[in-house]
Protein chains: 2
Amino acid sequence: MLFSKTCEYGIRAAVYIASQSDKTEKTGIEEICENIEAPRHFTAKILQILTRNHLLSSQKGVNGGFYMTAEQLKQPMIALVEAIEGKEVLSKCGLGLKACSETEPCPLHNKYASIRNNIKQMLSGMTIKDMAVSLQTGKAFLKID
Amino acid sequence: MLFSKTCEYGIRAAVYIASQSDKTEKTGIEEICENIEAPRHFTAKILQILTRNHLLSSQKGVNGGFYMTAEQLKQPMIALVEAIEGKEVLSKCGLGLKACSETEPCPLHNKYASIRNNIKQMLSGMTIKDMAVSLQTGKAFLKID
DNA sequence: TTAAATAAGGATGTTTTTGTCTTTTATTGT
DNA sequence: ACAATAAAAGACAAAAACATCCTTATTTAA
C-alpha cells in the first residue's frame, strides 16, 4: 500500500546492511537477500540505485560488498524512500489530480495532507540506524527463522 | 502512493455520481468520465465492481446509468477502498513481511500501525456523501474547468 | 414490437513493475 | 601478473496494472 515492492526490498536491505555495520567485513548481496528474503538480482539493482545516491557504499572484488558509513547510518528513512520512489511521491494528490492544490483542493485534500504529514514525520524521524538498532536488540525482525 | 489508479478513479467516479444524486436522471458513464477525467472503458469496469459490491446502483437501457441510494450515500470511503483494493490492504505489513506481527514486528511496525490507523480513521470517518457535499458547495473539486 | 440506449462482460492490447540471466568492470589475495 | 570474487550494467522475461474494443444483455421510449 504505502511502499512499492522495490521500496520494501530497498528499505529491508539497507536496514540489514546497517545492522551489520559494526563488523569489519562488508556484506555481500547473497547474504543480504537470504536475510531479508528478497529476490537476488532485483535487490542488487535496487542497491545500485541506493549506492548511486550515496545512501549505501559498496566495493567490488574479493572481500567486497555493501556497507554504510557513520554518515549514511544517520540518514533518515525518507532519504531511502525518495531515492527509490522519487521526491514527488510524498506531495502528490491523494486522488491523483494534477490540478489539486490548496486553492482548488480535491475532496480528500485536507485530511490526506495531514496523513501525508504523519508519514513524512515518521520517515524523517527515524534514521536507518534506529531501525538497525531495533533489529540488533531483538526488538524487531526482518525474517523469522 | 496510497491508492492505485483503479482506486483513484473509483473514488472519483463514486463521488461524482453521489454529487449528482439529487437529480432524478441517472448518470451515464460518458458524463462521469468527462467530469472526472478518467478513461471511459477502464472506469466502466471499476464501476462494475462497485455495483456488484452494492456500493453503487445501476440501470441498463434508455435513460439508464449509475445512481446511489440514500443508504449507499451513507457508506464510508473505506467501503470503496476495500471493495477495490481488497479488505487486507489496510492491515498488511508496511515492509511487506508475511510474518510481521505484534510479537515479531518489523522495525517499522509500531509507527506504521499508527499511520495506518490514521488512514483507517480518515476513510471510516468520511462518507461518500460528505465528499459529494464538498463538491456541491464548491469547497472542493474533481476537475478544474 | 422494434430500435435505440446503456450497463455488463469478455477478449485483447499496452505499459509498468517485478524478477532473472549473462556479461563486464573493479578489486584483491596469492 | 593472475585467478577469484563481487558489484555494476545490460538484455531479457513474467506478472500485474492499466486501458481499449467488441459483443451481449437489459430496458425503455416510440
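Just so you know, these numbers use all the heavy atoms, side chains as well, and skip hydrogens, waters and symmetry mates. In this text the structure is predicted, and so the values were computed from the model without any measurement.
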For C:dT6, take OP1 and OP2 only and decide whether either is under 4.0 Å from a side-chain N or O of B:Ser58. no
Hey, does the side chain of A:Tyr9 come within less than 4.0 Å of C:dT18's phosphate (OP1/OP2), counting only N and O? no
Check the phosphate of C:dT18 against A:Thr6, side-chain N and O only, distance under 4.0 Å to OP1 or OP2. Yes or no? yes
As a check of understanding: the bend across the helix from C:dT1-D:dA30 to C:dT30-D:dA1, end axes from five pairs, rounded to 10 degrees, works out to 0°
Taking atom types as modelled and ignoring hydrogens, do the side chains of B:Glu31 and B:Tyr16 form a donor-acceptor contact shorter than 3.5 angstrom? yes
Please pick, from C:dT18, D:dA8, C:dA8, the nucleotide with the shortest atom-to-atom distance to any side-chain atom of B:Gln48. C:dA8
For C:dG9, does either OP1 or OP2 sit under 4.0 Å from a side-chain N or O belonging to B:Arg52? yes
I'd like to know if the side chain of A:His109 pairs up with that of A:Glu102 as donor and acceptor (distance under 3.5 Å, no hydrogens or angles considered). yes
Looking just at side-chain N and O atoms, do B:Glu85 and B:Ser4 make a donor-acceptor pair shorter than 3.5 Å? yes
Give the residues of residues 78-94 of chain B touching DNA chain C, defined as any heavy atom closer than 4.0 Å, sorted by residue number. none
Near DNA chain D, counting only heavy atoms under 4.0 Å, which residues of residues 25-40 of chain B show up? B:Pro39
Between the protein and nucleotides 12-15 of chain C, which nitrogen or oxygen pairs come in under 3.5 angstrom?
none

Counterpart residues, side-chain contact (heavy atoms from CB on, under 4.5 Å), relative to A:Thr51 (two or more places apart): A:Leu56, A:Ser58, A:Phe66
What is the per-nucleotide protein-contact pattern of nucleotides 22-30 of chain D, from the 5' end, where B denotes a base atom under 4.0 Å from a protein heavy atom, S denotes such proximity for sugar-phosphate atoms only, and - denotes neither? ---BBBBS-
Separation of D:dA6 C1' from A:Leu56 CG (nearest whole Å): 15 Å
A:Ser114 versus A:Asn117, side-chain donor and acceptor atoms under 3.5 Å: no
